[in-house]
Amino acid sequence: MLRRKMATLTLETKIKLPSGHEIPQLGFGVWQTPARDAQTVVNLALSYGYRHIDSAAAYRNEAACASAILSPFHPVPRPSVFFTSKVPTTGMSYAGAKAQVEKTLSVTGLGYIDLMLLHAPYGGPAARKGAWKALVEAVEEGKVRSIGVSNYGVHHLDELEGHIKELEEERGGEGKGGVLSVGQWEIHPWCARRDIVEWCEKRGVVVEAYSPLVRGERWGEKVLKRLADKYGKSEAQVLVRWSLQRGLVPLPKSVNEGRIRENAEVYDFELTEGEVDELETEEYEPVCWDPTTSPLDNAR
């Protein structure tokens, strides 16, 4: 399992991506955050030191997030905030992904997208290859800085690796197939996805963890509670810390100001290596959707 060697972790810690850009290790997720609330909570997140906002076209709050990022009422300049969006499953094609990049740029007014992901591996091989090609072109055009995928299983990742090689041949050489910089999955101690994480680790792909707090469904678990009591921290803080020490990029979300602040206050304690390993289980219990298990020929 991934455990990156790095200096002492801080709220300012960043990880170098294969694209050459850097990503703040602690992110702030806005899944299921209504647009009417997103601007407020992103402003709060920025005020508490978050510099990484994870949105998606399907969340319907890209514009609200961008309004907060571009707000003149805080001292955080646009280049200091890492913004992610995602091509929805309905856009899984060359034309669909190309159109979504343009739409995200238009509705956000951010000038460029730091990271654009393919949200899920639906649509079948040709659609996935076409959507990836569109993201590669968006990078070449300066519209997107880094690209990646979300919810891909190992078989989808293997296929993507093949598509990258095919695109290099078709488009004129090494690097023309694009650079896979980031993969995003539901990851926590009850769904560690070791096979996927190891695949990414071997290739230097950075792994993001959504739902790192398991939607609160594991509060009271014996090991988790014991560690929270030991360090005088909440169980949520222990889970965020687990992700960070695993070398993951966790994306905790909340619309509660106290919890937004608390989820970033995880740098004054450190789990031992033994505790990190002990907290991780052999269970495979995702609490969200799980497209990783879908077949390659999943024209949907």
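For clarity, every value in this text was computed on a predicted model and none was experimentally measured.
- To the nearest 0.5 angstrom, I113 atom CD1 is 5.0 Å from T104 atom OG1.
- Of all heavy-atom pairs between P75 and P77, the closest is O-CD, 3.2 Å.
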TODO: Evaluate the criterion side-chain contact (heavy atoms from CB on, under 4.5 Å) for residue pair L279 and V238; output intermediate values, then yes/no.
DONE: CA-CA 10 Å; L279 189 55; V238 170; 4.0 Å; yes
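- Taking each heavy atom of P212 and P252 in turn, the nearest pair found is CG-N, 3.8 Å.
- Side-chain atoms of N151 and Y210 form a donor-acceptor pair, as typed in the model, at a separation below 3.5 Å.
- Remark: E62 does not engage K86 in a salt bridge, criterion side-chain N to carboxylate O under 4.0 Å.
- P250 places a side-chain heavy atom less than 4.5 Å from the side chain of L26.
- We find that E285 and R218 are not joined by a salt bridge, their nearest charged nitrogen and carboxylate oxygen being 4.0 Å or further apart.
- Tested against Y231 for a side-chain hydrogen bond (donor to acceptor under 3.5 Å, both in side chains), the candidates R226, E275, Q237, R241 yield a single pass: E275.
- Of the possible donor and acceptor atoms, one in the side chain of N298 sits under 3.5 Å from a partner among the backbone N and O of P295.
- Side-chain rings of W199 and H156 stay apart, their centers remaining 6.0 Å or farther from each other.
- In this structure, NZ on K225 lies 12.5 Å from OG on S234, to the nearest 0.5 angstrom.
- In this structure the side chain of L118 reaches within 4.5 angstrom of the side chain of Y152, judged on heavy atoms.
- Side-chain atoms of E235 come within 3.5 Å of backbone atoms of G220 as a donor-acceptor pair (strictly under, hydrogens ignored).
- Here the side chains of E137 and V101 are not in contact, with every heavy-atom distance at 4.5 Å or above.
- Between I196 and G153, the shortest heavy-atom contact is CD1-CA, 4.3 Å.
- By the 4.0 Å N-to-carboxylate-O rule, E102 lies close enough to K143 to be salt-bridged with it.
- Between N61 and T33, the shortest heavy-atom distance links the atoms ND2-O, 3.0 Å.
- Applying the 6.0 Å contact sphere to CZ of F73 captures no more than 12 heavy atoms from other residues, nucleotides or ligands.
- There is a path of hydrophobic side-chain contacts, each under 4.5 Å, that joins L213 to F269.
- Rounding to the nearest 0.5 angstrom, the gap separating the CG atom in D37 from the CD atom in Q32 is 12.5 Å.
- The SG atom of C200 sits 11.5 Å away from the CD atom of Q184 when rounded to the nearest 0.5 Å.
- Looking at K133 and E170, no side-chain N of the basic residue comes within less than 4.0 Å of a carboxylate O on the acidic one, giving no salt bridge.
- A side-chain donor-acceptor contact under 3.5 Å links R193 to the backbone of E186.
- The 12-atom threshold is exceeded at CG of D268, counting heavy atoms of other residues, nucleotides or ligands nearer than 6.0 Å.
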- [ ] May I have the step-by-step check of side-chain contact (heavy atoms from CB on, under 4.5 Å) for H52 and L251, ending in yes or no?
- [x] CA-CA 9 Å; H52 172 182; L251 305 168; 3.8 Å; yes
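- Judged by the 6.0 Å distance and 45° axis criteria, R78 is positioned over the aromatic ring of Y112.
- The shortest side-chain heavy-atom distance between L167 and W132 falls under the 4.5 Å cut-off.
- Looking only at distances, a side-chain donor or acceptor of T281 sits under 3.5 Å from a matching main-chain atom of P189.
- Residues H188 and L239 form no side-chain contact, since every pair of their non-hydrogen atoms from C-beta on lies 4.5 Å or further apart.
- Residues S19 and R145 are not in side-chain contact: their nearest non-hydrogen atoms beyond the backbone lie 4.5 Å or more apart.
- Pairing each heavy atom of T89 with each of A120, the nearest pair is CG2-CB, 3.7 Å.
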TODO: May I have the step-by-step check of salt bridge (charged side-chain N to carboxylate O under 4.0 Å, His left out) for E282 and R194, ending in yes or no?
DONE: CA-CA 10 Å; E282 297 294 328; R194 294 188 186 103; 3.2 Å; yes
- [ ] Start with the C-alpha distance between E140 and R171, add both sets of side-chain angles, then the distance that settles side-chain contact (heavy atoms from CB on, under 4.5 Å), and finish with yes or no.
- [x] CA-CA 12 Å; E140 293 171 346; R171 302 183 71 242; 2.7 Å; yes
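- With contacts defined as side-chain heavy-atom distances shorter than 4.5 Å, the pair L11/Y50 does not qualify.
- Hydrophobic clustering keeps V179 apart from I23 (ILVMFWY residues linked when any side-chain heavy atoms are closer than 4.5 Å, directly or through intermediates).
- Taking CZ from R51 and CG from L46, the interatomic distance works out to 6.0 Å, rounded to the nearest 0.5 Å.
- F28 and I260 get closest at one heavy-atom pair: CE1-CG1, 3.8 Å.
- A salt bridge does not link D54 with K253: none of the charged nitrogens is closer than 4.0 Å to a carboxylate oxygen.
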TODO: Might you work through the side-chain contact (heavy atoms from CB on, under 4.5 Å) test for V144 and L135, ending with a clear yes or no?
DONE: CA-CA 8 Å; V144 175; L135 294 191; 5.6 Å; no
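- The same ILVMFWY cluster, assembled from side-chain heavy atoms under 4.5 Å apart, contains both Y59 and V287.
- Linking Ile, Leu, Val, Met, Phe, Trp and Tyr residues whenever their side-chain heavy atoms come within less than 4.5 Å places V255 and L44 in a single cluster.
- Remark: side-chain polar atoms of K176 are not paired, donor with acceptor, to backbone N or O of V136 under 3.5 angstrom.
- No side-chain donor-acceptor contact under 3.5 Å links Q25 and T13.
- In this structure, Q39 contributes its side chain and A64 its backbone to no donor-acceptor pair below 3.5 Å.
- Distance check: L244 CG to R246 CZ gives 12.5 Å after rounding to the nearest 0.5 Å.
- Counting heavy atoms from C-beta outward, S47 and H74 have side chains that stay 4.5 Å or more apart.
- Cluster membership for Y94 and M92, using ILVMFWY side-chain heavy atoms within less than 4.5 angstrom, is not shared.
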